Amino acid sequence: MIIVKLPDDSSVEYDEATPLRVAQDISPRLADAAVAAEVDGEIVDLNRELTDGEHTVKILTSSDEQALEILRHTTAHILAQAVRRLYGPKVQYTIGPALNDDFQYGFYYDFDLPEPISAEDLPKIEDEMRKIVGENIPIARSELPIDRARARFTEAGQDYKAEMIDDLARDEGVSSVSLYEQGDFLDMCRGPHLPSTGKVKVFKLLTTAGAYWRGDENNKMLTRIYGIAFFDKKALASHLERIEEAKKRDHRVLGRQLGLFIISDSVGPGLPLWMPKGTIIRMELEGWLRSELLKRGYQAVITPHIGRVDLYRTSGHYPYYEHGLYPAMEVDENQSYLLKPMNCPHHIQIYKATPHSYRDLPMRLSEFGTVYRLEQSGELSGLIRVRGFTQDDAHIFCTPEQLEAEIESCVELTKLVLETLGLDNYRVRIGLRDPDSEKYIGNSENWDLAEENIRQVVKKVGMKYTEEPGEAAFYGPKIDFVVKDCIGREWQLGTIQVDYNLPERFDLEYIGADNTAHRPVMIHRAPLGSPERFIGILIEHFAGAFPLWLAPVQVAVLPVSEKFNDYAAEVISAGKAAGLRMETDESADKIGAKIRRAATQKVPYIFVVGQREVEADTVSVRKRGAGEVGAVALEEAIDKLKAERESKGAEEAFTEESNS
RNA sequence: GCCGACCUGGCUCAACGGUAGAGCGCGGCUUUCGUAAAGCCGAGGUUCUGGGUUCGAAUCCCAGGGUCGGCUCCA
């Protein structure tokens, strides 16, 4: 006897039942809309036989959150079946999951194909998928002992699946696996899936890519096909539109359109050149951060861009990270130099240059230090992944007792930076060492200590965080602030790293109250991470429409005709006296064209000036995003903009509230 | 680095075996204009580089460089 309890607390009795049968009994429409079922809290196929006893059953339809994942997972299987049909039995299909959090893609499937394919082949594959959908093939689940499952896949020539079964048996001790079959297509899969291929309606294949088997670069590279699926056409259309919109925000596109930076082939890949307008943004940001550092007792230093190879041998960067460095410069046989990949060894030399008492600590040395790393060519991406970049770096040398307060202060500064800029879509990651990896230096007591220091502070501050083994720096664990770009890729911005190791390697000391030498602890920290990457993210975050304090041109003063160029010049000198960045447009274009040009450049404010303004000593203000504000006395307009600039966007001029 | 695609005036693109075109931008002229594109004229290209195939290559082939989508990596 099966007793089915439904969400409305009613219950039904059956001798034999599947969730589909339950749905049919509720209403044929529900059965038709059903995607899967939640039975006793577990999501299962609609065709799963219910066992004797009492079960709570909830029928899931397209409106349930989990439904999309099931749809996409089933679509991935249809993709694999289509590829198998088109490219023959030599096709090996490996894994094909649904993606939940990805901005662009809904699922993928990785194939080992007998011939290479490209995006041009996708329409053909989509057609085949549509045929499979049209055939409305039932999808059946079965469970087989691993040896029999393995035999079936080996027979079918699916060596990757056989390998996966072996691994499951060995690593997780499973004795049976679930298989899904739709017609001639057999896959190993946890499920659940839709009851038949005909349930899939709206999908699109988006791109092909290479992907290493099991994510290991020593393995064979497979062909990955990415796609997306929805329950209705509108959702697909708006998804595609969203991707298009995001691409318009791409900092590489906006960087060129707004004249912020370029990357020149002649200079080299991954080596950005800052144009005048981009440089303004950088200088504003850096200047602000400098003033915040001064408030917090940092001292500024300047160090060279190169250093002896031996310096990096001591630090441990060389030779362990030799592959990530530009090759050494041989000056003569006994002297070779590296472009610095990090600033820490240089700052350490400054610390070492003088003896230190515990009374001097913490010593906080800061520098916008440019470093060079020979990133793999395929990794480079606009400003976000480069080979030459600056770190808003500082190294804090302190006593173990001071450490947690210093970490906390760094966390507070990083939060201030992100909050001031409205970058609230970040997550906090504690990067720990991977105990199985060889790449970390130093003893494990120090690592345990440092990891514990970090946990304590993060808990105290009350931030939500995840702990991720293997994400530590090679010399110590860290707190990273990770922000998403406009197409959903995550990038590490601010970072705070605790380091007991480099002080040891460089034999750093201070004299304690007991008049004996002690080892200081170091913190490496960069609230922006890197101005390059940070501004890349900011360009996308603001879609190029920077807040007033950062905007390269803050006001465009546009004369209605050339007759008013002189007045425009007067307005500009008044603005310049107030430290505002203003530009005019003396072209022979009509005012509409001038406005369009300034608006396209995302200038926050436009002052239109003509006969009326000359006579009344006013400007006609137009605000980005809000349109025409109207005539305002010149002096008043400037004062309001000064206030907005000083507030870093917290207060906006010429909003309805600020005018009333 | 690996898989795939791509590389044409400053920018975005067209021409796809018969020695390059458009729009924007740029320069000049006309217009002197009131809130997102006035009109006319003009300059500007060894079609990424180097080889090859061909009577003939932007177009086909090979190699190199670069970019993009991913993978791997990311001190």
Side-chain angles (χ1 to χ4, degrees), chain A residues 102 104-105 108 110 113 116-122 206-226 247 250 252-253 256-257 259 262-266 268-270 312 315-318 320-321 323-325 340-345 371 373-382 384-387 391 431 439-441 471-476 478 487 489 491-492 495 497 499 502 524 533 558-565 588-600 606-613 620-623 627-631:
Chain A
D102 197 273
Q104 303 189 64
Y105 307 127
Y108 67 81
D110 283 350
L113 295 171
I117 65 160
S118 70
E120 286 168 22
D121 301 300
L122 296 181
L206 295 169
T207 190
T208 62
Y212 297 108
W213 166 236
R214 301 232 145 134
D216 184 337
E217 64 181 321
N218 299 313
N219 289 340
K220 184 165 185 186
M221 181 153 273
L222 307 172
T223 303
R224 175 171 297 182
I225 299 175
Y226 280 103
K247 284 184 179 158
D250 189 318
R252 292 165 296 196
V253 175
R256 176 167 280 292
Q257 281 171 0
I262 54 161
I263 292 173
S264 156
D265 275 12
S266 307
Y312 298 99
S315 72
H317 294 107
Y318 193 89
Y320 299 114
Y321 290 91
H323 66 275
L325 305 174
K340 66 176 170 185
M342 305 186 88
N343 302 302
C344 11
V371 298
R373 302 174 185 178
L374 191 62
E375 303 290 356
Q376 294 187 57
S377 59
E379 288 314 318
L380 303 175
S381 177
I384 289 183
R385 191 78 187 271
V386 290
R387 286 181 171 167
Q391 295 177 315
K439 77 172 202 180
Y440 304 99
I441 60 171
E471 289 291 329
F474 76 94
Y475 46 73
K478 56 184 187 170
I487 49 177
R489 294 174 295 198
W491 298 97
Q492 176 194 316
T495 183
Q497 309 173 350
D499 180 4
L502 291 184
H524 312 239
R533 176 176 288 181
L558 305 181
V560 165
S561 81
E562 288 173 14
K563 282 190 276 187
F564 308 105
N565 284 355
D589 287 314
K590 290 188 176 178
I591 189 65
K594 294 184 184 182
I595 288 170
R596 182 185 151 79
R597 198 174 305 134
T600 309
I606 292 170
F607 290 174
V608 174
V609 295
Q611 190 60 39
R612 297 198 293 268
E613 287 73 23
S620 174
V621 176
R622 193 186 162 94
K623 183 181 167 74
E628 210 172 330
V629 172

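Nothing here was measured: the structure is a model prediction, and the numbers come from that model. In the text below, chain A, chain B and the rest are named by the order of the sequence lines, each starting its count at 1.
When heavy atoms are screened at a 4.0 angstrom cut-off, A:Gly610 is found touching base atoms of the nucleic acid. Among the protein residues, A:Ala599 comes within range of the nucleic acid bases, having at least one heavy atom under 4.0 Å from a base atom. A:Tyr318 comes within 4.0 angstrom of no nucleic acid atom, judged by non-hydrogen atoms across all strands. Across all strands shown, A:Arg612 has heavy atoms under 4.0 Å from base atoms, whether or not it also approaches the sugar-phosphate. Using a 4.0 Å heavy-atom criterion, one finds that A:Gly592 contacts the sugar-phosphate atoms exclusively. Looking at heavy-atom distances under 4.0 Å, A:Ala209 makes contact with a base. Residue A:Ala588 is classed as a base contact, given a heavy-atom separation below 4.0 Å to a base. A:Tyr226 comes within 4.0 angstrom of the backbone, heavy atoms only, and of no base. Residue contacts shown for A:Leu325 include a base, since a base heavy atom lies under 4.0 Å away. When heavy atoms are screened at a 4.0 angstrom cut-off, A:Ser118 is found touching the sugar-phosphate backbone but no base atom. Base engagement by A:Pro341 is indicated by at least one non-hydrogen atom pair under 4.0 Å involving a base atom. The residue A:Gln391 sits apart from the nucleic acid: no heavy atom pair falls under 4.0 Å.
Classified by interplanar angle (parallel below 30°, tilted 30° to 60°, perpendicular above 60°), the ring pair A:His524/A:Tyr475 is parallel.
In this structure B:G9 sits in no base pair that meets the Watson-Crick or G-U test at under 3.5 Å. For B:G27, the paired base is B:C41 (Watson-Crick or G-U wobble, both distances below 3.5 Å). Under the Watson-Crick or G-U wobble criterion, with both distances below 3.5 Å, B:G50 is paired with B:C62. The base-pairing partner of B:C68, taking Watson-Crick or G-U wobble contacts with both distances under 3.5 Å, is B:G4. B:A15 is unpaired under the criterion used here, namely a Watson-Crick or G-U wobble arrangement in which both key atom distances are under 3.5 Å.
Separating the CD atom of A:Glu217 from the P atom of B:C2 is a distance of 11 Å, rounded to the nearest angstrom. The separation between A:Asp121 atom CG and B:G4 atom P is 12 Å, rounded to whole Å. Spacing between atom CG of A:Leu380 and atom C1' of B:G66 amounts to 10 Å, rounded to whole angstrom units. B:C3 atom P lies 15 Å from atom CG of A:Asp110, rounded to whole Å. Separating the CD atom of A:Gln257 from the C1' atom of B:G25 is a distance of 13 Å, rounded to the nearest angstrom. Regarding A:Arg224, its CZ atom lies at a distance of 16 Å from the P atom of B:C3, rounded to whole Å. Atom CD1 of A:Ile595 and atom P of B:C33 are 16 Å apart (whole Å). Straight-line distance from the CZ atom of A:Arg597 to the C1' atom of B:G25: 10 Å, rounded to whole Å.
Under a 3.5 Å cut-off, the side chain of A:Arg224 and the backbone N or O of A:Asp110 do not form any donor-acceptor pair.
When the side-chain nitrogen and oxygen atoms of A:Lys590 are compared with OP1 and OP2 of B:U32, none of them lie within a distance under 4.0 Å. OP1 or OP2 of B:G70 lies within a sub-4.0 Å distance of a side-chain N or O belonging to A:Arg489. Between A:Gln376 and B:C71, a side-chain N or O to OP1/OP2 separation shorter than 4.0 Å is absent.
Side-chain proximity of A:Arg622 to the nucleotides B:G69, B:U31, B:U35 is greatest for B:U35. Comparing B:C2, B:G4, B:A36 by their closest approach to the side chain of A:Met221 singles out B:C2. Listed nucleotides B:G4, B:G66, B:U35 differ in distance to A:Asp265; the shortest reach to its side chain belongs to B:G66.
For the atom pair A:Ile225 CD1 and A:Tyr105 OH, the distance stands at 12.5 Å (nearest 0.5 Å).
A donor and an acceptor atom never sit less than 3.5 Å apart when one is taken from the side chain of A:Glu120 and the other from the base of B:G4. Looking at A:Arg385, its side chain comes within 3.5 Å of the base of B:C73 through a donor and an acceptor atom. A:Tyr212 contributes no side-chain N or O that forms a donor-acceptor pair with the base of B:G70 under 3.5 Å. Contact annotation: side chain of A:Arg373 to base of B:C74, donor-acceptor pair absent below 3.5 Å.
Listed here is the closest heavy atom pair of A:Leu558 and A:Ala598: CD1-CB, 4.4 Å. Looking at every heavy atom in both residues, A:Ala473 comes nearest to A:Gln497 through CB-OE1, 4.1 Å. Listed here is the closest heavy atom pair of A:Tyr312 and A:Met342: OH-O, 4.1 Å.
On the C1' atoms, B:C55 is 26 Å away from B:U49, given to the nearest whole Å. Only the C1' atoms considered, B:U59 is 15 Å distant from B:C6, to the nearest whole Å. Only the P atoms considered, B:C16 is 34 Å distant from B:C2, to the nearest whole Å. Comparing B:A57 with B:C71, their P atoms sit 41 Å apart, to the nearest whole Å. B:G28 and B:U12 have their P atoms separated by 25 Å, with the value rounded to a whole Å. Across B:A15 and B:A22, the matching C1' atoms stand 11 Å from one another, rounded to whole Å. Nucleotides B:A58 and B:G17 have their P atoms positioned 13 Å apart, rounded to a whole Å. Across the P atoms, B:C48 and B:U67 are found 16 Å apart, a figure rounded to whole Å.
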For this session: Start with the C-alpha gap between A:Ser561 and A:Gln611, add the side-chain angles, then the distance that decides, and say whether side chain to side chain contact (heavy atoms under 4.5 Å, CB included) holds.
Result: CA-CA 10 Å; A:Ser561 81; A:Gln611 190 60 39; over 6 Å; no
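The existence of a salt bridge linking A:Arg252 and A:Asp250 is confirmed by a sub-4.0 Å separation between a basic side-chain nitrogen and an acidic carboxylate oxygen. A salt bridge links A:Asp589 to A:Arg597: one of the charged nitrogens lies within less than 4.0 Å of a carboxylate oxygen.
Sequence order on RNA chain B of the closest nucleotides to A:Ser377 and A:His323 puts A:Ser377 first from the 5' end. Take the nearest nucleotide of RNA chain B for A:Ile606 and for A:Pro116: the residue whose nucleotide is more 5' is A:Pro116.
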